[in-house]
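Keep in mind that this is a model prediction, so the values were computed, not measured. A note on names: the letters A, B, ... follow the listed sequences, proteins ahead of strands, and every chain is numbered from 1.
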Protein chains: 2
Amino acid sequence: MAQAHISSEKEIKERTGGWLARLAEQGYRITGSRRAVVDVLAEAGTSLSPAEIYEQGRVAHKQLGLVTVYRTLEKLEELGLVQRVHRPDGCHAYIPALHGHEHLLLCQECGRVEYFRGDDLSELSRRLEGESGYTINDHWLQFFGVCAACQ
Amino acid sequence: MAQAHISSEKEIKERTGGWLARLAEQGYRITGSRRAVVDVLAEAGTSLSPAEIYEQGRVAHKQLGLVTVYRTLEKLEELGLVQRVHRPDGCHAYIPALHGHEHLLLCQECGRVEYFRGDDLSELSRRLEGESGYTINDHWLQFFGVCAACQ
DNA sequence: GCTATAATTGAAAATGCTTTTCAATTACTG
DNA sequence: CAGTAATTGAAAAGCATTTTCAATTATAGC
Ligand SMILES: [Mn+2]
Ligand SMILES: [Mn+2]
Ligand SMILES: [Zn+2]
Ligand SMILES: [Zn+2]
């Protein structure tokens, strides 16, 4: 079932706090730069490229460097807090990973993202393992289209 | 059902001829450089990056330029003859598009590709359209793992 | 076949995204 | 309130991809 990803103020605040806590837990220091990246991404309803995160992050933290955006994204991705989106053109973007691995529906016009579940690929995955001899580690499922607002 | 993509000599020859014919049909000229790219890719059992195609293509056609590899891939992709593979690291690779759009199982070690069908996403796609209000144009499904030979 | 012409080519330069380097700064520990 | 290692951002380097452009070449029409 497709579920809108629009989050309330409270949810965003909790998410931001949670991400910072996870970073601290791992021994990473909480800095203004990291906070800026986390703030931008934790409330994102569309996928954002590193450059977009940089641009938005600088509003709150003017000395933010693009390098630090990349370094912070790397850590957030490792911790499973954000998820990388692959765009057809090849450019990468990031979104919050709300509930672990999820499948995505992306608007090609505005970048809006819907997360969905309700489709179980584990059975297919197991069947493929049996038939192909592969050991399967991971998968991606992404749908592309145009959202209601953009039509 | 997973199906090995290993092709016979005859199938490869037919595929090569078919691709060149499609290019000619579109008004594109058949040159040594294009032939070299087509030859490499039409018999590929693993996904190949532009640089790999360039390297292999130069064996048969030494003056081949990397620029022409990119330009030829662009045309083959437009015609639906090759399909782009999205790797987790972000680097792109190409494989023959044997039967139109297919879903893929990729070996993370050697790049080997299995094509599979037997999983129908059109029902899911329609349901998502209804629930989200999006118009869906396209989707990707890729599994990642380690092939039998690489284990 | 030969010619005219537009398509194609590859080297080089430009571009854009991402990573590395490094000296200065800063968050945290004790 | 140090002391110390982590972090930062500017600049440079590294890659993948695209653009530019003058030279070459495939092909249609004779
Ligand atoms: Mn990609
Ligand atoms: Mn899944
Ligand atoms: Zn949209
Ligand atoms: Zn393999």
Seminar exercise, completed: note: B:Leu73, atom CG; D:dT18, atom P; distance rounded to Å ~ 10 Å

Exercise. To the nearest angstrom, how far is B:Tyr28 atom OH from D:dA28 atom C1'?
Worked result: 19 Å

Exercise. Looking at C:dC17, C:dA12, D:dA26, which one has an atom nearest to any side-chain atom of B:Val67?
Worked result: C:dA12

For this session: Among the candidates C:dT19, C:dT9, D:dT8, find the nucleotide nearest to the side-chain atoms of B:Arg71.
Result: C:dT9

For this session: Name the nucleic acid region contacted by A:Arg34, choosing base, sugar-phosphate or nothing; use a 4.0 angstrom heavy-atom cut-off, strictly under.
Result: sugar-phosphate

For this session: Measure from CZ on A:Arg35 to C1' on C:dT26 and round the result to the nearest Å.
Result: 14 Å

Exercise. Are OP1 or OP2 of C:dT9 and a side-chain N or O of B:Thr31 less than 4.0 angstrom apart?
Worked result: yes

Exercise. A:Leu66 has an atom CG; how far is it from atom P of C:dG16, in whole Å?
Worked result: 14 Å

For this session: Walk me through it: do B:His139 and A:His103 pass the test ring pair (Phe, Tyr, Trp, His ring centres under 6.0 Å)?
Result: CA-CA 11 Å; B:His139 67 266; A:His103 300 160; over 10 Å; no

For this session: Would you indicate which nucleotide in C:dT9, D:dG9, C:dT18 comes nearest to any side-chain atom of A:Tyr70?
Result: C:dT18

For this session: Would you tell me if any nitrogen or oxygen in the side chain of B:Thr68 comes within less than 4.0 Å of OP1 or OP2 on C:dT8?
Result: no

Exercise. Which residue, B:Gly32 or B:Cys91, contacts DNA chain D at a nucleotide closer to its 5' end, judged by nearest heavy atom?
Worked result: B:Cys91

For this session: Mind calculating the distance between CG (A:Leu64) and C1' (C:dT25) to the nearest angstrom?
Result: 16 Å

Exercise. Between B:Glu14 and B:Lys10, is there a salt bridge with N-O shorter than 4.0 Å?
Worked result: yes

For this session: Specify the separation, in whole Å, of atom CD of B:Gln63 and atom P of C:dT9.
Result: 11 Å

For this session: Please determine, for the side chain of B:Ile30, which listed nucleotide (D:dT27, C:dA27, D:dG9) has the closest atom?
Result: D:dT27

Exercise. Do A:His92 and A:Ser49 have side-chain N/O donor and acceptor atoms under 3.5 Å apart?
Worked result: no

Exercise. Same hydrophobic cluster for A:Val146 and B:Leu124, using side-chain heavy-atom links shorter than 4.5 Å among ILVMFWY?
Worked result: no

For this session: For this output row, return yes or no: ring centroids of A:Trp140 and B:Phe143 closer than 6.0 angstrom.
Result: no

Exercise. Taking CG from A:Leu23 and P from C:dC28, how many angstroms apart are they, rounded to a whole number?
Worked result: 11 Å

For this session: Please state how far atom CZ in A:Arg58 lies from atom P in D:dG9, giving the value in whole angstrom units.
Result: 10 Å

